[in-house]
Amino acid sequence: MRSDYCGDLGVDDVGRKVTLCGWVARRREHGASLAFVDLRDRSGFVQCVVDGAADLRSEYVVRVTGTVRLRPEGTENPALPTGAVEVGQCTVEVLSAAEPPPFPLSEHVDVDENQRLRYRYLDLRRERLQRNLRLRAAVNSAVRTAMERQGFLELETPLLIASTPEGARDFVVPSRLKPGSFYALPQSPQLFKQLSMVGGLDRYYQIARCLRDEDLRADRQFEFSQLDVEASFVDAVDIRRFVTEAVLAAAETVTGERPSFLPDLTWHEAMERFGSDKPDVRFGMELVELTPLFASTTFNAFRAPCVKAIREPQGAVQRSRKQLDDLVEQAKRWGAKGLVWMRVESDGTVASPVAKFLDESELRGIVEATGAEAGDLVLVVADERPLVRHVLGLLRLNLGRPPVNEGGLHFLWVVDFPLFEGIDPETGGPVPAHHPFTMPHPDDLAGLGGPGEPVPPADVLLGARSQAYDLVLNGWELGSGSVRIHRREVQSRIFELLGIGAEEAQRKFGFLLDAFRYGAPPHAGFAFGIDRLVALLAGEENIREVIAFPKTQSGQDPLTNAPGEIDERQLRELGLRVLPRT
RNA sequence: GGUCCCGUGGUGCAGUUUGGAGUGCACGCCGGCCUGUCAAGCCGGAGGCCGCGGGUUCAAAUCCCGUCGGGACCGCCA
């Protein structure tokens with residue numbers, strides 16, 4: 001039906017008779033005897049010259065047969081890859097007429113996203129999605145090749161699985177053959193990939209679809225794809241090397257060069273310097289420690305377990321009093337008791353609503369510690385340490401974060417995550433920071449004690465590190481992984497500390513624990529989000545731009561109108577009844 | 001669960017602060033002209049429940065309340 005793709009034609013094809021198929025992207029008619037038609041297919045555009053009248057409208061699907069020729073001198077279009085040539089003496093066959101599209105398909109117009117999703121099949125014709133989806137396919141291919149080169153075996157794992165209570169909210173699927181019972185869709189293939197290690201597959205990978213019923217964001221959809229990896233007889237360093245190789249291979253196919261990784265950051269250092277476990281290191285404005293400076297201050301608001309500040313260069317010049325007040329309100333919404341702003345004046349003095357409560361050495365100390373100069377804005381938060389980091393970390397991003405496509409690619413590993421992220425106020429037991437199969441850091445293992453021993457004090461528990469690690473790119477968490485526990489006494493102790501009794505452990509994870517009785521190799525793994533990686537490589541702020549058919553923030557699909565009701569018969573078959581809306 | 005922004009011919013916007021006739025811009029669409037254009041050009045034309053509902057007012061796109069839809073974020077996402 002077709003001899004060539006439009007965008008592939010060039011001066012080498014001059015003189016060839018070609019047959020092209022595609023959509024009428026633009027047409028420029030010059031009376032009844034000459035018309036230019038830009039024909040579009042997946043590869044791009046080429047100009048077709050039609051002598052004589054032709055009733056060709058936007059987005060008509062046509063087949064064009066003609067001869068490739070050089071454009072007359074002076075009429076070349078350098079903006080078009082095929083702009084040196086054109087297809088002349090065209091005969092045009094209309095394969096399919098088209099109504100005018102509901103929005104322009106040219107790149108020059110930003111279209112409301114709801115419209116784009118309602119007519120996604122038209123949006124897909126546009127250059128942006130064509131480019132992004134091609135890029136995505138290239139990334140998938142590069143990742144697969146990299147993993148296979150490193151000896152990994154692709155394995156498919158089930159979509160209909162048993163629900164496990166921890167973690168994100170499950171999507172569930174009712175069982176017809178066993179009414180009243182439900183499958184869950186996988187939040188990740190976690191348990192299966194560990195089972196595959198017990199099964200001796202040694203090195204497993206999969207580009208796996210994962211589903212989590214949690215609120216959507218710019219970087220989160222219900223369903224997403226991740227490169228899922230697990231390997232036996234390896235340590236954390238090995239795993240990070242495997243994954244590093246995969247993301248560098250992906251970046252290289254897109255940018256043509258392999259970006260360098262930044263040095264590893266410990267979780268603690270990331271939190272202290274950036275107020276985030278996924279630091280965006282493309283800009284400064286790091287958190288500055290002020291706690292010692294106010295150890296014996298008379299200013300009550302700064303008599304806190306932690307006082308930290310960030311400095312925005314020239315922030316005081318750019319921001320009005322109202323904007324500063326808005327920052328204070330925002331900080332409060334994020335949970336801070338307050339936010340103190342300070343302006344460094346041209347004479348070096350500090351202007352602030354609280355300046356009168358601070359003495360000379362304290363003010364000078366803030367300026368010195370932050371390195372503030374005239375025109376700079378300093379924002380101080382005093383509170384419990386986790387809250388201070390959190391609020392200043394968010395403020396830092398809000399004030400200083402560059403657009404996603406600026407500043408290059410800054411990959412880094414965050415290591416030494418805490419084993420527990422807090423103490424549950426109700427049970428008094430620790431809350432796991434990762435899943436309960438995460439191996440503690442070897443240096444902290446002894447401090448946790450063994451099965452049956454007393455529970456260590458809270459500071460020992462909260463100080464314990466795990467062998468968990470995150471991959472971060474430009475402030476986005478690409479993924480995380482860990483060394484898994486393969487020793488039964490360690491696993492028993494962790495369950496014990498988490499308040500999971502033997503019976504409960506057996507009920508929730510029995511099949512994995514059983515498997516571990518029969519010879520579990522030491523193993524470790526990782527998973528990173530393909531959607532996020534592709535978005536960042538494509539320079540997109542939003543993963544919907546790299547997904548062919550995404551959902552809106554409220555989880556709807558305006559194209560298919562999912563989710564929808566199902567009919568009574570289906571419900572009955574499944575043994576379900578829908579409760580009236582409250 | 002919460003905070004904030006947006007909703008005006010098919011598309012993208014201005015108008016909303018300070019209420020006064022659906023007033024405007026660009027693109028698209030329809031018709032005409034046009035033999036080297038390329039986001040073609042020129043002339044003419046059609047096209048509006050200002051998301052929806054209620055309220056205030058002599059009068060509402062504009063003010064108030066509610067609701068629906070979209071987006072950003074906090075919580076949530078082991």
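Here the structure is a predicted model, which is why all the values come from computation and not from measurement. Just so we're on the same page: letters track the sequence lines, and every chain starts at 1.
- A distance of about 15 Å separates the P atoms of G19(B) and C58(B), rounded to the whole Å.
- Between Glu545(A) and Arg131(A) no salt bridge is recorded (no basic side-chain N to carboxylate O distance below 4.0 Å).
- The gap from the C1' atom of C74(B) to that of U11(B) amounts to 34 Å, rounded to the nearest Å.
- Look at the P atom in both G24(B) and A46(B): the space between them is 12 Å, to the nearest Å.
- The separation of C42(B) from A60(B), taken at their C1' atoms, amounts to 41 Å, rounded to a whole angstrom.
- Ion pair Asp38(A)/Arg28(A) flagged as a salt bridge, since at least one NZ, NE, NH1 or NH2 atom sits closer than 4.0 Å to an Asp/Glu carboxylate oxygen.
- Pairing for U3(B) is with A72(B), a Watson-Crick or G-U wobble pair whose two hydrogen-bonding atom distances lie under 3.5 Å.
- Using atom P as the reference point in both U37(B) and A14(B), the two lie 35 Å apart (nearest Å).
- The partner of A26(B), taking Watson-Crick or G-U wobble pairs whose two distances both stay under 3.5 Å, is U11(B).
- If you check every strand for non-hydrogen atoms under 4.0 Å, Arg57(A) touches sugar and phosphate atoms only.
- The nucleotide A78(B) finds no pairing partner, because no Watson-Crick or G-U wobble arrangement with both distances shorter than 3.5 Å includes it.
- Taking the ring axis of Tyr469(A) as reference, the NZ or CZ atom of Arg240(A) stays within 45° of it and closer than 6.0 Å to the ring centre.
- For Arg118(A) and G51(B), the CZ to C1' distance is 12 Å, given to the nearest whole Å.
- Figure legend. U67(B) is base-paired to G51(B); pairs are counted as Watson-Crick or G-U wobble with both atom distances under 3.5 Å.
- Atom name P, nucleotides G7(B) and C13(B): the rounded distance is 9 Å, in whole Å.
- A salt bridge does not link Lys551(A) to Asp557(A): none of the charged nitrogens lies less than 4.0 Å from a carboxylate oxygen.
- Between C6(B) and G12(B), the distance separating the two C1' atoms is 14 Å to the nearest Å.
- Between Glu230(A) and Arg484(A) a salt bridge is recorded (basic side-chain N to carboxylate O distance below 4.0 Å).
- Atom name C1', nucleotides G45(B) and C63(B): the rounded distance is 38 Å, in whole Å.
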remark   = Per-nt protein contacts along nucleotides 36-46 of chain B (heavy atom under 4.0 Å; B base, S backbone sugar-phosphate only, - none) come out as BBBBB------

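- U17(B) is unpaired under the Watson-Crick or G-U wobble criterion, no partner having all donor-acceptor distances under 3.5 Å.
- Taking the six-membered ring wherever Trp is involved, the centroid distance between the rings of Trp476(A) and Phe528(A) does not fall below 6.0 Å.
- Pair assignment for A39(B): none, as no Watson-Crick or G-U wobble contacts are both less than 3.5 Å.
- Residues Val460(A) and Pro456(A) come closest through the heavy atom pair CG1-CB, 3.9 Å.
- Computed from coordinates, the Glu59(A) CD to G28(B) C1' distance equals 12 Å when rounded to whole Å.
- Arg27(A) forms no cation-pi arrangement with Tyr60(A), by the criterion of a distance under 6.0 Å to the ring centre and an angle within 45° of the ring axis.
- Judged by Watson-Crick or G-U wobble contacts below 3.5 Å, the nucleotide A60(B) has no partner.
- Between Phe509(A) and Phe437(A), the distance separating the two ring centers is shorter than 6.0 angstrom.
- Relative to the ring axis of Phe36(A), Arg26(A) does not place its NZ or CZ within 45° and under 6.0 Å from the centre.
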ask   = Tell me, for nucleotides 70-78 of chain B in 5' to 3' order, what letter each nucleotide earns: B for a base near a protein heavy atom under 4.0 Å, S for only sugar-phosphate near one, - for neither?
value = SBBSBBBBB

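- Across the protein-nucleic acid pair, Asp326(A) atom CG and C5(B) atom P stand 10 Å apart, rounded to whole Å.
- Taking atom CG of Asn561(A) as the reference point, atom P of C68(B) lies 17 Å away to the nearest angstrom.
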